[in-house]
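One structure is given here, and the rest of the page talks about it.
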Amino acid sequence: MSKREGSQVVGLAKPYFIKAFDDTFSKSAEQEMTAFISQCDSLSESKWYFASDYCLDNPDKKHSVIAFSLFPHLLGFDKFNALMEANIPQDFKETLSMSEAQAKLLASIPAFHVAVVLPKDFAISDDPAKEHSTMVAILEAYVRMLNEWISADDVGMADAYQKREKLMGRLLKNMKSRPDKAWTSASGKHIVAMRNAIIITNLFASLAQRLLRQSPNALFGWLPDRDAIMQWPDAKVKGVVHDIASDYIHIHCQDEGRTYDPRHYVA
């Protein structure tokens with residue numbers, strides 16, 4: 001949750017589109033997800049993982065799409081991965097038909113799926129022309145928030161937050177470069193990367209905090225699609241999307257008045 005000292009924002013806030021997602025999700029999907037977690041939590045010993053895939057910034061598609069799947073940790077990841085590799089084609093989306101055995105296997109795997117369809121030109125700010133200044137403001141607030149967390153550390157995460165603050169400072173410096181050509185310069189790549197990271201991590205955080213609401217002691221991981229969206233343009237800050245995700249889970253939980261232990265998120 002964001003807070004203010006004078007007129008200066010020192011923390012991140014949930015972006016506006018999350019309210020629309022939460023309002024829609026709460027109408028019926030909320031109950032379905034709650035029932036699914038209740039059914040599988042004891043079987044998985046409160047261990048879960050999310051998988052995700054997405055199509056963003058593709059000029060050949062009519063929309064942008066982000067999909068998440070929540071799985072209970074029943075077989076263990078290695079065994080589950082081996083089972084899928086042995087029975088399901090690697091690029092399953094190219095498959096025109098499946099065998100009866102494949103259909104039965106997929107139907108037997110407990111999973112909760114969420115797909116979000118967005119306009120192709122979706123932006124974080126209400127004006128795409130302001131996207132650069134919006135991303136800069138978000139990162140500036142992020143750096144100030146991390147410094148606050150370092151000073152008030154109560155879960156033994158100060159060292160991790162200090163490393164994260166340096167990474168976010170690097171991203172902020174890159175983001176500020178050549179704002180006059182923000183969408184075509186090197187900094188433009190960082191704007192797109194940051195926008196996509198905020199969209200994906202907030203949707204993930206919204207689902208993760210619902211898991212924690214239902215199962216407060218749950219351990220969970222995230223297996224995002226391994227493509228350019230999760231690989232930052234600056235190789236020195238690869239992996240930072242998982243840090244952003246963890247911090248947004250903190251904010252989503254805090255917004256509900258609940259504490260969040262980042263050690264529950266196994267990145």
Side-chain angles (χ1 to χ4, degrees), residues 1 12-37 40 48-72 91-93 106 109-128 131 134-135 138 191-215 218 220-232 240-256 260 265 267:
M1 184 185 298
L12 289 174
K14 294 192 294 187
Y16 74 92
F17 72 87
I18 281 295
K19 184 180 186 305
F21 173 77
D22 286 342
D23 288 347
T24 301
F25 196 86
S26 65
K27 287 182 170 61
S28 60
E30 187 92 55
Q31 292 78 12
E32 294 176 11
M33 185 175 183
T34 297
F36 175 73
I37 295 170
C40 299
W48 297 81
Y49 57 93
F50 291 87
S52 63
D53 200 357
Y54 17 76
C55 176
L56 301 173
D57 308 311
N58 188 329
D60 298 325
K61 303 296 183 181
K62 293 182 179 180
H63 301 92
S64 292
V65 180
I66 301 169
F68 284 92
S69 296
L70 175 62
F71 298 91
D91 200 349
F92 191 54
K93 63 186 177 184
L106 293 177
I109 297 172
F112 183 81
H113 305 291
V114 179
V116 179
V117 179
L118 301 168
K120 186 165 61 176
D121 58 350
F122 184 83
I124 293 296
S125 63
D126 56 357
D127 180 357
E131 199 78 339
T134 299
M135 295 301 112
I138 288 172
I191 295 169
V192 173
M194 190 67 190
R195 181 203 66 195
N196 290 343
I198 289 173
I199 295 170
I200 294 168
T201 57
N202 269 278
L203 290 171
F204 170 57
S206 182
L207 297 173
Q209 67 91 8
R210 285 177 165 86
L211 170 63
L212 291 171
R213 182 197 300 161
Q214 184 73 11
S215 178
F220 61 96
W222 179 24
L223 305 173
D225 186 28
R226 295 170 296 175
D227 61 13
I229 294 174
M230 300 300 293
Q231 302 296 322
W232 216 273
V240 74
V241 175
H242 283 286
D243 295 335
I244 296 172
S246 181
D247 292 340
Y248 268 118
I249 296 170
H250 184 131
I251 291 160
H252 281 244
C253 288
Q254 188 180 47
D255 216 29
E256 285 199 342
Y260 164 65
Y265 174 33

request  = Could you tell me whether the side chain of Leu207 reaches within less than 4.5 Å of the side chain of Leu70, counting heavy atoms only?
outcome  = no
task = Under the side-chain contact (heavy atoms from CB on, under 4.5 Å) rule, collect the residues that match up with Asn58, sequence neighbours excluded.
result = Cys55, Asp60, Lys61
request  = Would you please indicate if the ring centroids of Phe68 and Trp48 are separated by under 6.0 Å?
outcome  = no
task = Specify the closest pair of heavy atoms between Gln214 and Thr34, including all atoms of both residues, with the distance to one decimal.
result = OE1-CG2, 3.2 Å
ask   = Could you give the distance from NZ (Lys120) to CG (Leu56), rounded to the nearest 0.5 Å?
value = 12.5 Å
query = When you check the side-chain N and O atoms of Tyr265 and His242, is any donor under 3.5 Å from an acceptor?
reply = yes
note = Sorted by chain and number, sequence neighbours left out, side-chain contact (heavy atoms from CB on, under 4.5 Å) with Leu118 holds for Ser64, Ile66, Val116, Phe122, Ile199
key: Non-hydrogen side-chain atoms of His252 and Asn202 separated by less than 4.5 Å   = yes
request  = Work out which heavy atom in Pro110 is nearest to a heavy atom in Pro72; give both atom names and the distance.
outcome  = O-CD, 3.3 Å
ask   = Is there side-chain contact between Leu212 and Ile249, with at least one heavy-atom pair below 4.5 Å?
value = yes
Can I get a per-line list of side-chain donor-acceptor pairs under 3.5 Å for residues 12-20, giving both atom names and the distance, sequence neighbours left out?
{"from": "Lys14", "atom 1": "NZ", "to": "Asp255", "atom 2": "OD2", "distance (Å)": "3.0"}
{"from": "Tyr16", "atom 1": "OH", "to": "Ala123", "atom 2": "O", "distance (Å)": "3.3"}
{"from": "Lys19", "atom 1": "NZ", "to": "Asp23", "atom 2": "OD2", "distance (Å)": "2.9"}

ask   = Taking only residues two or more places apart in sequence, or in another chain, which ones meet Asp247 in a side-chain hydrogen bond (donor to acceptor under 3.5 Å, both in side chains)?
value = Tyr142, Arg164
key: Chi angles and distances behind the side chain to side chain contact (heavy atoms under 4.5 Å, CB included) call for Val114, Phe25   = CA-CA 10 Å; Val114 179; Phe25 196 86; 3.9 Å; yes
request  = Going by the side-chain contact (heavy atoms from CB on, under 4.5 Å) test, name the single residue among Phe71, Phe50, Tyr49 that passes it with Phe220.
outcome  = Phe50
Sequence-distant partners of Glu32, side-chain contact (heavy atoms from CB on, under 4.5 Å), two or more places apart = Phe112
request  = Can you measure from CG (Leu223) to CG (Asp53) and round to the nearest 0.5 angstrom?
outcome  = 12.0 Å
task = Could I get the full list of side-chain contact (heavy atoms from CB on, under 4.5 Å) partners for Val65, not counting sequence neighbours?
result = Val117
message = Please report the interatomic distance CZ(Phe21) to OG(Ser206), rounded to the nearest 0.5 Å.
response = 5.0 Å
Between CD1 on residue Ile251 and OH on residue Tyr260, distance to nearest 0.5 Å = 11.0 Å
inquiry  = Within the structure provided, determine whether Arg213 and Ile37 are in side-chain contact (heavy-atom separation under 4.5 Å).
reply    = no
key: His250 vs Ser246 side-chain heavy atoms within contact, under 4.5 Å   = no
message = Nearest 0.5 angstrom please: Thr201 OG1 to Trp222 CH2, how far?
response = 6.5 Å
key: Residue pair Ile124, Met194: steps toward the side chain to side chain contact (heavy atoms under 4.5 Å, CB included) verdict   = CA-CA 10 Å; Ile124 293 296; Met194 190 67 190; over 6 Å; no
query = Has the side chain of Ser215 got a donor or acceptor atom that lies under 3.5 Å from a matching backbone atom of Leu211?
reply = no
key: Heavy-atom side-chain proximity of Met135 to Ile198 below 4.5 angstrom   = yes
